[in-house]
Amino acid sequence: MIVLLKRMFPAMRVKISGLDPHQQYYIAMDIVPVDNKRYRYVYHSSKWMVAGNADSPVPPRVYIHPDSPASGETWMRQVISFDKLKLTNNELDDQGHIILHSMHKYQPRVHVIRKDCGDDLSPVKPIPSGEGVKAFSFPETVFTTVTAYQNQQITRLKIDRNPFAKGFRDSGRNRMGLEALVESYAFWRPSLRTLTFEDIPGIPKQEHYLYPRA
DNA sequence: ATCTGAGGTGTGAAAGCC
DNA sequence: GGCTTTCACACCTCAGAT
């Protein structure tokens with residue numbers, strides 16, 4: 001899904017409840033390695049296989065949601081989308097984009113940060129820890145980075161679902177076949193997730209739900 | 001409502017790497 | 001030689017200007 005500078009697709013979308021409506025919060029995302037392995041796609045078995053050790057770690061980067069900071073009421077009222085998040089494989093990137101290695105597995109994490117804990121938040125600095133900061137991650141959002149698609153079904157999926165790729169769509173495609181394909185890919189399961197905070201601003205327990213995509 | 005420029009897509013060929 | 005990465009390209013969306 002990545003090369004040079006690309007958006008993440010499909011984008012992560014989350015819904016949060018349980019925030020203090022009057023408290024200001026930052027929402028941020030970072031992406032961490034799942035393991036220290038490099039992968040390659042094996043066509044004949046249609047599986048990702050370990051192909052060696054991971055490349056050297058890249059500088060940690062943070063995507064701060066552009067609506068930040070905003071009140072808990074604002075965040076809870078909307079579905080929070082990370083569709084503007086950009087990924088790069090350029091380790092020398094100085095624009096604050098999230099840097100990843102190709103052919104590695106990563107886990108996106110959503111961070112909810114109380115404003116007083118996030119005043120020195122920066123795209124090029126690790127997310128602060130402690131009281132007032134909470135991270136959420138969902139195992140089904142783990143993904144493998146590539147510079148070229150390894151699976152033609154994924155290419156077709158993206159062409160049909162990403163508006164910017166409309167120019168590559170065929171007019172007579174079999175929609176039912178596509179829907180079946182969508183169902184078969186875990187990462188494509190509804191990207192809308194819900195985080196529930198029980199005791200804000202004290203920071204909370206995690207709970208999440210899966211919603212069927214309309 | 002229409003125009004326009006910036007920027008987001010996958011493709012396919014060529015280059016680079018091991 | 002096979003796999004991965006990079007690049008130019010055409011086509012598209014989107015947002016701001018008029």
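Keep in mind that the numbers below use all heavy atoms, side chains included, and drop hydrogens, waters and symmetry copies. Letters go in sequence order (proteins before strands), and every chain restarts at 1.
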Please list, chain by chain and in numerical order, all residues satisfying salt bridge (charged side-chain N to carboxylate O under 4.0 Å, His left out) with A:Arg40, sequence neighbours excluded. none
What pairs with A:Met76 under side chain to side chain contact (heavy atoms under 4.5 Å, CB included), at least two apart in sequence or on another chain? A:Leu19, A:Pro21
Kindly write out the residues that satisfy side chain to side chain contact (heavy atoms under 4.5 Å, CB included) with A:Lys86, not counting sequence neighbours, or none if the list is empty. A:Leu5, A:Arg7, A:His97
Apply side-chain hydrogen bond (donor to acceptor under 3.5 Å, both in side chains) to A:Thr74 and list each qualifying residue two or more places apart in sequence or on a separate chain. A:Ser71
Between C:dT5 (C1') and A:Asn90 (CG): distance, integer Å: 13 Å
Nearest whole angstrom, please: distance from the P of C:dC3 to the OH of A:Tyr41. 14 Å
Looking at A:Ser102, does any N or O in its side chain come under 4.0 Å of the phosphate oxygens OP1/OP2 on C:dT5? yes
Nt span of DNA chain B in reach of chain A heavy atoms at under 4.0 Å, 5' end first, is B:dG7 to B:dT11
Within this structure, what is the OH-to-C1' distance between A:Tyr39 and C:dT4, rounded to whole angstrom? 18 Å
With A:His104, which residues qualify under ring pair (Phe, Tyr, Trp, His ring centres under 6.0 Å), at least two apart? A:His101
Between A:Lys86 and A:Thr155, who's closer to the 5' end of DNA chain B by nearest nucleotide? A:Lys86
Other than A:Val42, which residues form its hydrophobic cluster under the rule that side-chain heavy atoms must be closer than 4.5 Å? A:Met49
Answer yes or no on whether A:Lys115 is positioned over the face of A:Tyr25, meaning its NZ or CZ is under 6.0 Å from the six-membered ring centre and within 45° of the axis. no
Which pairs, protein N/O on one side and nucleotides 8-15 of chain C N/O on the other, fall under 3.5 Å?
from, atom 1, to, atom 2, distance (Å)
C:dT13, OP1, A:Lys166, NZ, 3.3

Rounded to whole angstroms, how far apart are NE2 on A:His101 and P on C:dT5? 11 Å
Residues clustering with A:Ile99 (ILVMFWY side chains joined when closer than 4.5 Å, directly or via others): A:Val58
What is the nucleic acid contact for A:Gln150, judged by heavy atoms within less than 4.0 Å: base, sugar-phosphate only, or nothing? sugar-phosphate
